[in-house]
Amino acid sequence: MIKKITNIFFEKFSTQPEVFRSPGRINILGEHTDYNEGFVLPAAIDKNIYVAISKRPDSEVHLFACDFNEQFVTNIYQIKPAQKQWPNYILGVVDQLQKNGHQVGGFNLVLDGDIPIGAGLSSSAAVECATLFGLNAVFDLGLTKIQMAPLAQKAEHVYAGVHCGIMDQFASLFGKKEHAIKLDCRNLHYEYIPANMGNYKIILFNSNVKHNLASSEYNTRRKQCEEGVAIISQNNPLVKSLRDVDMNMLNKYAALLDPVVFKRCKYVVQENERLLGACQDLKLSDLQALGIKMYETHEGLRKDYEVSCKELDFLVNYVKAIPSVAGARMVGGGFGGCSINLIHKEAVDKIISEISAAYETAMGLTLTTYQVTIEDGTAACNINN
Ligand code: GLA
């Protein structure tokens, strides 16, 4: 991948670039909790976005996306959202750098990667983080990773229109081999928890659907949670987010809350509590207990948060009865993308072949599967490798 991107870069721009990579992520537990100032438990995976970058002597910005075989040209003094989607993840980062007073000159950038797009594995956050990390190095901007995370998140808000939390960008930047990151999204304090999978493998089933209400419904969920907090905080001024609410308190306000808002809040409060237990399970390598919590999370996302879809429900239900699967659930924002499964290594091949056939019969869709490992976060690449 590094050789390929360097060669393409050289063909286009006749110079050697610097190359950077940023990974996709999985999330073991803690879904839709990040923008509620809760906890998440993501990890970076062995699938990456790569960017090759060099400075230009002029103020032009030349971008090339290998996947689409498409070029996009603009000027550093005229950064604005593009019609096409892919340049926006790069331009959004440049825009944020400029708004924060950082000097970025003209540059060439080639984009490539092996994170499946639209699979809920945060390829967009990986593009943002690789670009930001790369521009920071090339233009010597002096940003630390902890400063980069909110900046990349803001780029997504402004240029992609999704009011995402901080999880994806943080996980991509801060991933650590064989560890999950327990992140407190209230203050960005984090702890690495060894993710010892023993005889189990992390297998992703890509439903290969991405229902197009994903981003509008995402923003709606965020508003519904805020609506719940606004009502509860009228009588409890110390409540700033759902992080400050437990089930006792929530139940007291049930009558004042719209029933849909109540369900949304209930899921988030329960998920935060569940996450603390999941961290213990992981520390003890108790994958059975962790797996049960993953199924519970899926149920909450399906019934109360209503961000699943029939394809993901099919995939999770299918494995639920199989003893060699410790747990499964949808991963990421929802409405399509992947389910994450903890499967005993001896059973992986058999389960993949059975569920692929069953999925095709039931949904008329092809299932794509990936075995992933947990790897380090954003870094510069050695182009001689
Ligand atoms: C998307 C967002 C994240 C997070 C998840 C749901 O991936 O980008 O910030 O909210 O959905 O947990």
Side-chain angles (χ1 to χ4, degrees), residues 22-45 47 49 85 88-89 92 115-129 149-175 180-186 188 190 204 206-207 210-211 213-226 241-243 264 267-272 274-275 278 293-294 296-298 300-302 304-309 312 329-340:
S22 201
R25 62 103 189 89
I26 50 171
N27 185 20
I28 294 173
L29 216 99
E31 216 65 88
H32 288 275
T33 42
D34 58 354
Y35 53 84
N36 288 301
E37 298 194 337
F39 295 100
V40 289
L41 190 57
I45 57 174
K47 296 193 176 300
I49 291 292
Q85 208 179 3
N88 280 331
Y89 301 112
I115 308 176
I117 294 172
L121 304 178
S122 295
S123 56
S124 61
V127 175
E128 290 148 4
C129 293
L151 218 142
Q153 177 196 17
K154 198 73 199 292
E156 177 96 17
H157 288 190
V158 180
Y159 270 56
V162 180
H163 286 252
C164 63
I166 192 102
M167 170 170 76
D168 304 345
Q169 289 80 8
F170 199 95
S172 190
L173 285 161
F174 283 88
I181 311 166
K182 179 190 173 194
L183 173 67
D184 183 340
C185 299
R186 168 159 269 179
L188 300 191
Y190 63 101
L204 304 178
N206 187 350
S207 65
K210 185 79 198 163
H211 297 293
L213 28 85
S215 51
S216 60
E217 286 296 311
Y218 185 93
N219 293 342
T220 305
R221 292 299 174 284
R222 200 174 170 144
K223 288 210 188 83
Q224 288 166 329
C225 293
E226 285 163 8
S241 69
L242 287 177
R243 168 69 175 278
R264 306 293 191 247
Y267 161 76
V268 172
V269 169
Q270 290 178 338
E271 180 73 348
N272 262 327
R274 197 159 32 235
L275 188 136
K293 294 187 179 67
M294 290 169 70
E296 287 170 1
T297 292
H298 187 82
L301 289 165
R302 183 184 73 77
D304 293 329
Y305 219 63
E306 295 180 284
V307 291
S308 188
C309 58
L312 288 167
R329 65 178 197 82
M330 54 151 276
V331 68
F335 301 103
C338 288
S339 70
I340 175 172

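In each ligand, atom 1 is the first atom listed, and ligand 1 is the first ligand listed. Quick caveat: nothing in here was measured; it's all calculated off a predicted structure.
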Check: Could you go step by step and tell me if Ser122 and Arg25 meet the side chain to side chain donor-acceptor pair (under 3.5 Å) rule?
Finding: CA-CA 6 Å; Ser122 295; Arg25 62 103 189 89; 3.2 Å; yes

I'd like to check whether [X] has a polar contact with ligand 1, where a contact means an N/O of the residue lying under 3.5 Å from an N/O of the ligand.
X      : value
His32  : yes
Glu31  : yes
Gly165 : yes

Check: Taking the six-membered ring of Phe39, is the NZ or CZ of Arg243 close enough (under 6.0 Å from the centre) and on axis enough (within 45°)?
Finding: yes

Margin query: Tell me if the NZ atom of Lys293 is crowded by more than 12 foreign heavy atoms within 6.0 Å.
Written below: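 For Lys293, atom NZ is crowded (more than 12 foreign heavy atoms under 6.0 Å).
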
Of all the atoms in ligand 1, which lie at a distance below 4.0 Å from a heavy atom belonging to [X]?
X      : answer
Gly333 : 1 (C), 7 (O), 11 (O)
Cys164 : 2 (C), 8 (O), 9 (O)
Tyr35  : 10 (O)

Short N-O contact, [X] and [Y], less than 4.0 angstrom:
X      : Y      : answer
Glu31  : Arg329 : yes
Glu306 : Arg302 : no
Arg274 : Glu271 : yes

Next item on the list: With heavy atoms only and a cut-off of under 4.0 Å, state how Arg25 meets ligand 1: side chain, backbone, both or neither.
Entry: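 The answer is the side chain of Arg25.
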
Among protein heavy atoms, which sits nearest to [atom], and what does the distance come to when rounded to 0.1 Å?
atom                    : result
atom 4 (C) of ligand 1  : Asp34 OD2, 3.3 Å
atom 10 (O) of ligand 1 : Tyr218 OH, 2.5 Å
atom 5 (C) of ligand 1  : Met167 CE, 3.8 Å

Notebook entry, point to check: Quick one: are the ring centres of Tyr305 and His32 less than 6.0 Å apart?
Noted result: yes

Checklist line | Aromatic ring proximity Tyr190/Phe170, centre distance under 6.0 Å | finding: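 Under 6.0 Å, so yes.
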
Check: For atom 7 (O) of ligand 1, which candidate among Leu121, Val40, Asn27, Asp168 provides the closest heavy atom?
Finding: Asp168

